[in-house]
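Just follow the structure's listing: the first ligand is 1, and inside any ligand the first atom is 1.
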Amino acid sequence: MDKTISNILAQEILSKEDIVALLKSKGQDRRLLFKCAHDIKKKFIGNYTYYRGLVEFSNICAKDCYYCGIRKSNNNTHRYQLKDEEILKAAEFAYKEKYGSVVLQAGELFNKKHINRITKLLKKIKSLSNHELGITISLGEQTYETYKTWFDAGAHRFLLRIETSNPELYQKLHPNDSLHSYETRIKALKNLQKAGYQTGTGVMIGLPFQTIEDLADDLLFMKELDIDMCGMGPFIAHADTPLYQYKDELWPIEERFDLSLKMIAILRILMKDINIAAATALQAIDPIGREKAIKIGANIIMPNITPGSYRDDYSLYENKPCTDEEAEDCKTCLEARITISGDEIGYGQWGDSPHFKAKLALSK
Ligand code: SAH
Ligand code: SF4
């Protein structure tokens with residue numbers, strides 16, 4: 001007889017087949033999955049959600065990922081680059097509002113000027129906040145030396161999504177050249193760990209050609225890599241990208257959304273004490289998508305604190321929410337939303353990955 005969802009949830013270790021069954025669960029079974037993930041979050045993380053003020057400081061990118069609206073070859077984007085003062089002002093806002101941390105994210109650049117600029121900005125953010133603001137960066141594939149330099153300058157968490165752990169699918173989503181190689185991506189993730197970062201990865205859910213089995217493998221990949229943080233969410237086709245041609249072959253948007261919630265819930269069960277972000281892309285589909293994610297296992301939210309006038313231009317995918325708002329509006333709106341989902345906000349705290357801390361303690 002096939003295992004029931006209750007049997008699966010009672011196991012210590014989940015196989016790929018078990019994960020596939022959870023991803024396919026419906027009705028009462030799906031509710032059981034979400035309840036189990038909710039309880040694990042409560043036990044291992046507590047009812048806390050931590051903020052990361054997100055600064056999308058530039059949409060200039062040297063890469064050409066087939067899914068992304070700010071890819072190099074998209075000539076329909078208005079390119080922008082925040083000035084240093086604007087970035088520092090956003091960081092100051094996060095500090096004053098007790099967000100605890102910021103995330104600096106942008107398109108990928110590899111030149112010396114860019115690398116040095118980031119190093120300086122990191123140091124300035126640290127000093128303007130009396131070394132109290134935590135800094136996550138999401139600045140793509142760089143050399144080990146660059147990762148180390150930025151770590152030493154004050155960044156202590158890094159987000160680099162693997163996008164998909166299936167190398168053949170990865171290839172289909174990127175140009176076939178040395179700038180977009182799966183092997184380099186894996187190496188970059190390992191270098192981040194080596195440089196001392198709390199390392200986060202993640203995938204897009206509902207990509208063209210992706211299967212449920214791929215998603216199960218993605219979760220096992222994260223477990224195997226022993227990541228500290230994860231940010232994953234639905235794939236949302238962007239009209240100015242090559243993958244848009246498959247828009248009618250994708251799983252329906254509601255299904256991509258539902259699978260994203262299930263991925264979060266299963267990851268919470270697989271990796272009980274990591275940080276899991278409620279991705280903004282969830283909100284692009286459901287106005288309370290991020291709150292739903294918080295309820296079933298996520299514990300990180302990244303309020304956008306990019307100055308409002310630039311938000312439209314950081315268009316990775318369509319329907320990106322809140323592009324017409326200012327940071328101040330986001331704050332009030334979010335606080336109410338999180339309290340409704342039953343969590344407290346860990347104001348003024350870094351909200352580091354407990355998983356990373358536990359690993360560190362073991363290695364001492
Ligand atoms: N350049 C950096 C950070 C910016 S892109 C990097 O690539 O790591 C941040 C994330 O946006 C990517 O990792 C990708 O997963 C996500 N993204 C890009 N296009 C998307 C789309 N069409 N739908 C959903 N997520 C997308
Ligand atoms: Fe550039 Fe990141 Fe978009 Fe790829 S996903 S094109 S690296 S911004």
TODO: Report the nearest protein non-hydrogen atom to atom 2 (Fe) of ligand 2: residue, atom name, distance rounded to 0.1 Å.
DONE: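 Scanning the protein heavy atoms, the shortest distance from atom 2 (Fe) of ligand 2 goes to E108 OE2, 4.4 Å.
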Open item on the list: Please list the nearest protein heavy atom to atom 4 (Fe) of ligand 2 with its residue and the distance rounded to 0.1 Å.
Closed with: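 Nearest neighbour among protein heavy atoms for atom 4 (Fe) of ligand 2, to 0.1 Å: C65 SG, 2.3 Å.
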Task: Ligand-side contact atoms (ligand 1) for residue partner Y314, heavy atom cut-off under 4.0 Å - done: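 Listed by number with element, the hits are 4 (C).
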Task: Where ligand 1 meets S138 - atom numbers and elements under 4.0 angstrom, heavy-atom basis - done: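 Listed by number with element, the hits are 3 (C).
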- [ ] Measure from atom 19 (N) of ligand 1 to every heavy atom in F235, Y317, Y67 and give the option owning the shortest one.
- [x]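 That would be Y67.
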Open item on the list: For atom 2 (C) of ligand 1, tell me which residue out of A106, G206, G231 has the closest non-hydrogen atom.
Closed with: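 That would be A106.
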Open item on the list: Distance to the ring centre below 6.0 angstrom and angle to the axis at most 45 degrees; does that hold for K172 and F209?
Closed with: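 Pair K172/F209 counts as cation-pi.
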Open item on the list: Here's one to test your reading of the geometry: is the NZ or CZ of K148 within 45 degrees of the ring axis of F151 and under 6.0 Å from its centre?
Closed with: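 No - K148 does not lie over the ring of F151 by the 6.0 Å and 45° rule.
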Open item on the list: Once you restrict to heavy atoms under 4.0 Å, what part of R161 touches ligand 1? Side chain, backbone, both or neither.
Closed with: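 Near ligand 1, R161 shows its side chain, while the N, CA, C and O stay back.
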TODO: Using a 4.0 Å heavy-atom cut-off, say whether C65 meets ligand 1 through its side chain, its backbone, both or neither.
DONE: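 Looking at C65 and ligand 1, no heavy atom falls under 4.0 Å.
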Open item on the list: Taking only non-hydrogen atoms of A281, do any sit less than 4.0 angstrom from ligand 1?
Closed with: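 Contact check A281 vs ligand 1: negative.
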Task: atom 3 (Fe) of ligand 2 to nearest N/O/S of C68 less than 2.8 Å - done: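 Yes, since at least one N, O or S atom of C68 sits under 2.8 Å from atom 3 (Fe) of ligand 2.
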